[in-house]
Amino acid sequence: QVQLQESGPGLVKPSQTLSLTCAVSGGSITKNYFGWSWIRQPPGKGLEWMGTIHYDGKMDYSPSLKSRISISRDTSKNQFSLQLSSLTPEDTAVYYCNSDYKFWGQGIQVTVSS
């Protein structure tokens, strides 16, 4: 069983940059059978795919976020991270990391507010 856990700040200010980390156990982010993704769900809305980093390090980003998003990985720690810049209140959401949409973290609430 792959287990994932999000961590980072729950409250950030508009115009700042959000940094979240996903810690992975029970599987390796360098294996070829998993893609590792960030998903979010704003209040009252559906799930939104943000981006994916694949086992070989290649990345895909949502076109609507590509100017603001960066996903990276630390293979020595078996972790991958999200950075989202130029935050607005519309970025308020529960943020999830997952593996091929099969294994999910519990999610972390992020509120963008002054």
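The figures here come from the full heavy-atom set of this structure, side chains too, leaving out hydrogens, waters and symmetry mates. Predicted model only: the values in this text are computed from it and were never measured.
With hydrophobic clusters built from ILVMFWY side chains whose heavy atoms lie under 4.5 angstrom apart, M59 shares a cluster with V24.
Between Q83 and S19, the closest heavy-atom pair is CG-OG, 3.8 Å. Closest of all the heavy-atom pairs between S99 and W36 is CB-CZ3, 3.6 Å. Looking at every heavy atom in both residues, L47 comes nearest to Y96 through CD2-CE1, 4.3 Å. Of all the heavy atoms in G51 and I69, the pair that sits closest is N-CD1, 4.4 Å. For the pair T30 and S28, the tightest heavy-atom approach, listed with the atom from each and the gap, is OG1-OG, 2.8 Å. The heavy-atom pair separating S113 from P14 by the smallest distance is C-CD, 3.6 Å.
In this structure, D56 CG and I29 CD1 are separated by 11.5 Å, a value rounded to the nearest 0.5 Å. Rounding to the nearest 0.5 angstrom, the gap separating the CD1 atom in I39 from the CH2 atom in W104 is 5.0 Å. Here CD1 of I53 is found 7.0 Å from OH of Y61. Values are rounded to the nearest 0.5 Å. The line from CD of Q41 to CD of Q109 is 10.5 Å long, rounded to the nearest 0.5 Å.
The backbone N or O of V112 sits less than 3.5 Å from a side-chain atom of T92, completing a donor-acceptor pair. Judged by distance alone, with hydrogens and angles left aside, the side-chain atoms of N78 form no donor-acceptor pair with the main-chain N or O of A23 at under 3.5 Å. In this structure, D100 contributes its side chain and G35 its backbone to a donor-acceptor pair below 3.5 Å.
Residues forming a ring pair (Phe, Tyr, Trp, His ring centres under 6.0 Å) with W49 (at least two apart in sequence, or on another chain): none.
Between W38 and the choices I71, N98, L65, the side-chain contact (heavy atoms from CB on, under 4.5 Å) rule is met once, by I71. Screening R40, M50, E6 for a side-chain contact (heavy atoms from CB on, under 4.5 Å) with L82, the sole residue that qualifies is M50.
Applying the side-chain hydrogen bond (donor to acceptor under 3.5 Å, both in side chains) test to every pair with at least one member in residues 64-74, sequence neighbours left out, gives these pairs: S62-S64, R68-D91, D74-S76. Applying the disulfide bond (SG atoms under 2.5 Å apart) test to every pair with at least one member in residues 70-114, sequence neighbours left out, gives these pairs: C22-C97.
Two residues are said to be in side-chain contact when any heavy atoms from C-beta on lie closer than 4.5 Å; P9 and L20 meet this criterion.
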